[in-house]
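Structure first, commentary second.
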Amino acid sequence: MLSQAIEARRASVVNRKPKHIVIVGGGYVGLYTSLRLQRTLRRELRDGSVRITLIDPQSYMTYQPFLPEAAAGNISPRHVVAPLRRVLPKVRVLNGKVSKVHHEARTVTFEPSVGQSREIEYDVVVMAAGSISRTLPIPGLADAAIGFKTVGEAIALRNRVLALLDRADSSEDEEVRRRALTFVVVGGGFAGIEALAELEDMTEDAIKYYPSIQQKDLRWVLIEASDRILPEVGPEMGEWTAEELRERGIELKMKTLLKSCEGGLVKTSDGDSFESATIVWTAGVKPSPVVNSGDLPLDERGRIMTTTRLTVAGVKGAFAAGDVAGVPDVTNPGQYCAPNAQHAVRQSKVLGDNITAYLRGEKLKDYRHKYAGSVAGLGLHKGVANVYGVKLRGIPAWFMHRTYHLSRVPTVNRKVRVVADWTLSLFFKRETVSLGQLENPRDEFRAAAQSGPAR
């Protein structure tokens, strides 16, 4: 009788159309939610009553807090990404983008990297597309600047900074040297300060091998519109960080706007004007454009209207979290959760549990968090932290920064590889070689082909 019951259940599952969960985005929320669902829906995934599809242009998730260290050469760029297909064996991963969400029809328009677009049906959609750089209509910005949100941007920036040291050391033209050795970062949040501090720290090591370049020849400039940097660590630690950077010779232009940067000529609102071959834009983010190409409700900031249970307001079968979602902060009425990694990782756990509860007809729970604080790395053995009210700086903060983020990196595989990179750096100097040729690998071959046949 028992065997008959089991067979009957299997037959009913086979005959029933499986519930399809589509996750739009493979960043923090997409990856961590999928990991959670692989555990909470283990039974349903095994018997075929549920299937999960994740859609993202990339086949990996980038752990963005480690981008500054990757740019500085402390961590291999391969170790700051998690391969989605390896980490998510129970999830179908499709590479491409979602160009439209038709929630009323329960379909998304999927555009693969190559080939024709197609409609994908779903029962539950999870909007986890993250954010992109928020730019402004500043003359020359699109042509002269680079962002700092992807591993590609981080490594391209590293190669550029080192290549400019090569350029300056090989030139006797003072204008060429001055332009090459002037580096500008716009934005005083985590991304800007950590990128600035790590790259400045790297160049301090690198110039030991450049006879004609001294520390005083380098010019690092931070442009920040407000009157403070790193607001997440609090006023006291933010001011300490500012003083630390000034002691390292970094110029902080506070209450200053970038007015233009056409052709690398930087003009600021304080009347300053100078040439720079490197301009890094980290002045904020905005939700992924996919939120504007569907029928899901948006708030006044262009985010998907989301409830405290991470469901999309006013509709069924739709969830959202992370940078694309306006999630009310239940611990601070009237406010919304900040678009940062700390919230994204924590929301993913609740999101995965609520999707499971939704499919099983159970009660959903609110996303409630206790703010842990913030940590920032400022170069090797330098950092600042404000965690649960405990304020640290220098080596203790740097150690806490590494410890915290190591605990958050997905998979044991990646944790071990990151620790290996850090351990090797204790015994060997980091590499300071530009591999910019990787960005244009066909240039040399093309030049050889154009030179004509050998005689």
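Numbers for residues simply follow the sequence, beginning at 1.
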Is there a side-chain contact (heavy atoms from CB on, under 4.5 Å) between Asn74 and Glu198? Walk through the geometry before answering. CA-CA 9 Å; Asn74 301 330; Glu198 290 283 359; 3.4 Å; yes
What's the shortest heavy-atom distance between Ala325 and Thr306, and which atoms? CB-OG1, 3.3 Å
Pick out which of Leu380, Asp421, Ile75, Leu424 makes a side-chain contact (heavy atoms from CB on, under 4.5 Å) with Arg430. Leu380
Can you check whether Leu67 reaches Val151 side chain to side chain, under 4.5 Å on heavy atoms? yes
If you draw a 6.0 Å radius around CZ in Arg85, do more than 12 non-hydrogen atoms from other residues or ligands fall strictly inside? yes
Any side-chain heavy-atom pair from Leu218 and Glu200 closer than 4.5 angstrom? no
Please report whether the ring centroid of His79 lies less than 6.0 Å from that of Phe66. no
Measure from the side-chain N and O atoms of Thr403 to the backbone N and O of Met400, and report whether any donor-acceptor pair falls under 3.5 Å. no
Is the shortest side-chain heavy-atom distance between Asn340 and Phe190 below 4.5 Å? no
Val185/Leu199 under side-chain contact (heavy atoms from CB on, under 4.5 Å): CA gap, chis, key distance, verdict: CA-CA 11 Å; Val185 175; Leu199 288 169; over 6 Å; no
Restricting to non-hydrogen atoms, name the atom on Thr307 and the atom on Ala313 that form the minimum distance, rounded to 0.1 Å. CG2-CA, 4.0 Å
I need the Leu245 CG to Ile193 CD1 distance, nearest 0.5 Å. 5.5 Å
For Arg301, does the CZ atom sit with more than 12 other heavy atoms under 6.0 Å from it, leaving out its own atoms? no
Go through Val327 and His343 one step at a time and tell me if the side-chain contact (heavy atoms from CB on, under 4.5 Å) criterion holds. CA-CA 10 Å; Val327 181; His343 278 299; over 6 Å; no
Other residues, nucleotides, ligands: >12 heavy atoms within 6.0 Å of Arg246 CZ: yes
If you define the side chain from C-beta out and look only at heavy atoms, does anything of Lys17 sit under 4.5 Å from Glu121? yes
Quick check: are there more than 12 heavy atoms from other residues, nucleotides or ligands sitting under 6.0 Å from NZ of Lys19? no
Does Gln116 have more than 12 heavy atoms from other residues, nucleotides or ligands lying within 6.0 Å of its CD? no
Charged N to carboxylate O under 4.0 angstrom, Arg393 versus Glu244? no
Could you check whether any side-chain heavy atom of Leu37 comes within less than 4.5 Å of a side-chain heavy atom of Ile23, counting everything from C-beta outward? yes
Are any side-chain N or O atoms of Ser226 and backbone N or O atoms of Arg228, one a donor and one an acceptor, separated by less than 3.5 Å? yes
Non-hydrogen side-chain atoms of Thr109 and Glu119 separated by less than 4.5 Å: yes
Can you tell me how far apart CH2 (Trp281) and CZ (Arg134) are? Round to the nearest 0.5 Å. 7.5 Å
I'd like to know if the side chain of Arg417 reaches the main chain of Arg78, judged simply by a donor and an acceptor atom lying under 3.5 Å from each other, with no hydrogens or angles considered. no
Check whether any side-chain heavy atom of Ile304 sits under 4.5 Å from a side-chain heavy atom of Leu298, and report yes or no. yes
Within the supplied structure, the quantity of interest is the number of heavy atoms (other residues, nucleotides, ligands) at a distance under 6.0 Å from Tyr404 OH; does it exceed 12? yes
Contact summary for Ala71 and Ala154, nearest pair of heavy atoms: CB-O, 3.6 Å
Could you walk me through whether Arg402 and Glu69 satisfy the salt bridge (charged side-chain N to carboxylate O under 4.0 Å, His left out) test, starting with their C-alpha distance in whole Å, then the side-chain angles of each, then the deciding distance to 0.1 Å, before giving a yes or no? CA-CA 10 Å; Arg402 285 195 162 185; Glu69 290 211 53; 2.8 Å; yes
Going from CG on Leu222 to OG1 on Thr282, what distance comes out if it is rounded to the nearest 0.5 angstrom? 7.5 Å
Gap between atom CZ of Arg118 and atom OG1 of Thr107 - 0.5 Å precision: 13.0 Å
Under 3.5 Å: donor-acceptor pair, side chain of Ser276, backbone of Thr182: yes
Parallel, tilted or perpendicular, judged at 30° and 60°: which one describes the rings of Tyr122 and His103? parallel
Please test Met202 against Arg158 for side-chain contact (heavy atoms from CB on, under 4.5 Å), starting from the C-alpha separation and ending with a verdict. CA-CA 9 Å; Met202 178 191 71; Arg158 165 185 169 79; 3.1 Å; yes
Tell me whether Arg303 forms a cation-pi arrangement with Tyr336, defined as NZ or CZ under 6.0 Å from the six-membered ring centre and within 45 degrees of its axis. yes
Is it true that a side-chain atom of Asp47 and a backbone atom of Ser49 form a donor plus acceptor pair closer than 3.5 Å? yes
Taking every heavy atom of Met127 against every heavy atom of Val324, the minimum-distance pair comes out as O-CG2, 3.5 Å
Answer yes or no: is there a donor N or O on one side and an acceptor on the other, between the side chain of Asn159 and the main chain of Ser434, under 3.5 Å? no
If I compare all heavy atoms of Asp295 with all of Glu104, which pair ends up nearest, and what's the gap? OD2-N, 3.1 Å
In terms of heavy-atom contacts, does NZ of Lys97 have more than 12 from other residues, nucleotides or ligands at under 6.0 Å? no
For the residue pair Gln64 and Thr62, confirm or rule out a side-chain donor-acceptor distance under 3.5 Å. no
Shortest non-hydrogen contact from Ser117 to Glu111? CB-CG, 3.7 Å
Atom pair CG (Leu35) and NZ (Lys90), whose distance is rounded to the nearest 0.5 Å: 13.5 Å
Test item: Arg160 side-chain N/O and Ala277 main-chain N/O as donor-acceptor pair under 3.5 Å: yes
Would the distance check show the side chain of Thr256 and the main-chain N or O of Ile223 forming a donor-acceptor pair, the cut-off being under 3.5 Å? no
Please check if the side chain of Lys415 supplies one atom and the backbone of Val409 the other of a donor-acceptor pair under 3.5 Å. yes
Look at the aromatic rings of Tyr63 and Tyr28 and report parallel, tilted or perpendicular, splitting at 30° and 60°. perpendicular
Tell me, do Leu162 and Glu431 make a side-chain contact under 4.5 Å, heavy atoms counted? no
Output yes when a side-chain donor or acceptor of Asp56 lies under 3.5 Å from a complementary backbone atom of Gly25, and no otherwise. no
Roughly how far, to the nearest 0.5 Å, is CG of Asn354 from CZ of Arg309? 8.5 Å
